[in-house]
Amino acid sequence: MESFVIEGGVRLSGTVRVHGAKNAALPILAATLLADGLFVLENVPDLLDIRSMAEILMALGVRVKREGEMLVVDARGLRSNVVPEALMSRMRSSIFLMGPLLARTGEAVLGYPGGCAIGTRPIDLHLEGLKKLGAVIHEYGGTILARAPRLEGTTIVLDYPSVGATENLMMAAALARGTTRIVNAAREPEIQELERFLNAMGARIRGAGTHAIVIEGVERLHPPRPHRVIPDRIVAGTLLAAAAITEGRIVLEDVIPEHLEAVIDAFRKTGARIEVAPDRIAVEGVRPYRAIHRLSTSPHPGFPTDMQPQLLAYLTQAEGTSVLVETVFDGRFRHVPELVKMGADIVVDYHTAVIRGPRRLVGARVRATDLRAGAALVLAGLAAEGVTIVEGAVHIDRGYHRLEETFAALGARIVRTTERPLLAPEGQV
Ligand code: EPZ
């Protein structure tokens, strides 16, 4: 059980490069199963979830090699379409294997995906969509068996613009016979990135980023030229929040500001000073922070649910009452009791959190329950008086590459430990 030990109260400052996007790299890794050949993927951070996806690919016979931030994937060795259950249950994105395996081999055998405990996460939209493409799917004893000698293009109207279902169906339809339209598709930047990658493999896809994506199936795909994965907008948003909550001044490099418009808008509303340039963002936290009357998370281009915990932690320091409504996941306030332990005043009623501030945060022993909740607790620790111990660093490592080093390079007093440090009264270790 690794933890972060943080001594708060430092104003962060400096320049930081934003690493590649976990939620873009994961479906792209799954898409390598769609073609025979060698793939070179650049700007792929060494994260636990990326390692898990690589392990699954290797269990299917594919070779994966890391060289710094580059992954070389040799998909010529694919020899199985049965995903080991133990690997499947480690993360939600393992479900992305279903579309490509079905399209490439005519069959896929998987368990149910695991992943962050942020609410109920069914896969009905994935299964319904694949059935519409002609797959025959049997579910028995925790196993999903899908078969389709060749998928057939059709129109799929999604009940909800699910990111994962849109990506899975894009990959499946790329090798289907005929044309597929995905209506009410997700519009996240990661969807556009997947379209870019698949089209570089010879697919014929258009409309990513809009509500309707059209995929003209092709007979065969091939590896593209070396592909550089987009920067991680949620990592960028987390760093932006860190500058704001510590009254710091940070410059984010290698970032795509258009991917963060709703996040930038929200932080500007609180008084944070944010300057945007084509591939960089300068942020300065300015007290007093203003409360946000009411903000709801929603699919892109709305405010991302993956930034809700970080914004909530910051708003504990704002003057007045803020209201945050979580509309995407039904169990994504598990960071709240931990923040309350540190002195925050937050009341949750089903999907709504009411945050009264500012309240003085004092260091405490808190536990990360999922990736973004963990990041929010680290931010609170950076702003708190005294020492905070954030247990469960493993959750944070799923989506942030060595977060403690990133913050330490910006002046934070933060270390990672495998010990179980004892916390004395008033936040001393
Ligand atoms: C992706 O998850 C991201 N993960 C999540 O990021 C992110 O929170 C989410 O999109 C929303 O933006 C990856 O890209 C790997 P969804 P995904 O399908 O695909 C319901 C992080 O912190 N739904 O858009 O699982 C579902 O229950 C992670 O990096 C169904 O009902 O999200 C949820 O309420 C956490 N049936 C809503 O849709 C389905 O078949 C959104 O889920 C699929 C989804």
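These values consider heavy atoms only, across backbone and side chains, with no hydrogens, waters or symmetry-generated copies. Each ligand, and each atom within it, is numbered from 1 in the order the structure gives. One-based numbering along the sequence shown.
Inter-residue side-chain proximity for Tyr400 and Thr406 is flagged as unmet; no heavy-atom pair is nearer than 4.5 Å. Side chains of Asp349 and Val354 form no contact here, defined as non-hydrogen atoms less than 4.5 Å apart. Two residues are said to be in side-chain contact when any heavy atoms from C-beta on lie closer than 4.5 Å; Arg76 and Leu38 meet this criterion. When side chains are defined from C-beta on, Arg294 does not count as touching Leu324, because their heavy atoms never get closer than 4.5 Å. Counting heavy atoms from C-beta on, the side chains of Arg367 and Glu338 come closer than 4.5 Å. Using a 4.5 Å heavy-atom threshold, the side chains of Ile118 and Phe333 count as separate.
The protein heavy atom nearest to atom 40 (O) of ligand 1 is Leu125 N, 2.8 Å. Scanning all protein heavy atoms for the shortest distance to atom 24 (O) of ligand 1 gives Val163 N, 2.8 Å. Here the protein heavy atom with the shortest distance to atom 29 (O) of ligand 1 is Arg372 NH2, 2.8 Å. Among protein heavy atoms, atom 36 (N) of ligand 1 sits closest to Asp124 OD1, 2.6 Å. Protein heavy atom closest to atom 2 (O) of ligand 1, with residue, atom name and distance, is Arg121 NH2, 3.5 Å. Among protein heavy atoms, atom 27 (O) of ligand 1 sits closest to Thr120 O, 3.0 Å. Nearest non-hydrogen protein atom to atom 18 (O) of ligand 1 is Ser162 OG, 2.6 Å. The closest protein non-hydrogen atom to atom 32 (O) of ligand 1 is Phe329 CZ, 4.0 Å.
Evaluated by nearest non-hydrogen atom to atom 39 (C) of ligand 1, the leading choice among Ala186, Gly399, Ala25, Pro122 is Pro122. Across Ile118, Leu26, Asp306, Asn23, heavy-atom proximity to atom 8 (O) of ligand 1 is greatest for Asp306.
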Result block: side-chain N/O donor-acceptor pairs under 3.5 angstrom for residues 144-159, not counting sequence neighbours:
unit_1	atom_1	unit_2	atom_2	d
Arg147	NE	Glu107	OE2	2.5
Arg147	NH2	Glu107	OE2	3.2
Arg150	NE	Leu175	O	3.0
Arg150	NH1	Glu219	OE2	3.3
Arg150	NH2	Leu175	O	3.1
Arg150	NH2	Ala176	O	3.3
Glu152	OE2	Arg177	NE	2.9
Glu152	OE2	Arg177	NH2	3.1

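Close approach of ligand 1 to His126 (heavy-atom distance below 4.0 Å) involves ligand atoms 40 (O). Numbered from 1 in the order shown, with element, the atoms of ligand 1 that lie under 4.0 Å from a heavy atom of Ser93 read 15 (C). Heavy-atom contacts of Val328 reach the following atoms of ligand 1: 33 (C), 34 (O), 37 (C), 41 (C) (cutoff under 4.0 Å). Below 4.0 Å from some heavy atom of Lys22 lie the following atoms of ligand 1, by number and element: 21 (C), 29 (O). For ligand 1 and Arg92, the ligand atoms under 4.0 Å from any heavy atom of the residue are 25 (O), 43 (C), 44 (C). In summary, the atoms of ligand 1 found under 4.0 Å from a heavy atom of Arg332, numbered by their order in the structure, are 8 (O), 22 (O), 35 (C). Close approach of ligand 1 to Gly164 (heavy-atom distance below 4.0 Å) involves ligand atoms 18 (O), 19 (O).
Residue contacts with ligand 1 leave out Glu128, since none of its heavy atoms falls under 4.0 Å from the ligand.
In terms of N/O distances under 3.5 Å, ligand 1 is not approached by Thr305. In terms of polar-atom proximity, Glu167 is not counted as a contact of ligand 1, lacking any N or O under 3.5 Å from an N or O of the ligand.
Side-chain contact of Ser89 with Tyr112: a donor-acceptor pair under 3.5 Å is absent, judged by distance alone.
Salt-bridge annotation for Arg332 and Asp306: present, with a side-chain N of the basic residue lying under 4.0 Å from a carboxylate O of the acidic one. Note on Asp49 versus Arg90: no salt bridge recorded, every NZ/NE/NH1/NH2 to OD/OE distance being 4.0 Å or above.
By the 30° and 60° cut-offs, the orientation of the rings of Phe197 relative to His227 is perpendicular. The aromatic rings of His401 and His19 stand perpendicular to each other, their planes meeting at an angle above 60°, with 30° marking the opposite boundary.
Checking atom 20 (C) of ligand 1 against the protein gives no heavy-atom contact under 4.0 Å.
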>> Go through it in stages, so that I can follow the logic: the residues are Thr297 and Gln308, the test is side chain to side chain donor-acceptor pair (under 3.5 Å), and I'd like the CA-CA distance, side-chain angles, deciding distance and then a yes or no.
In response: CA-CA 7 Å; Thr297 64; Gln308 175 262 97; over 6 Å; no
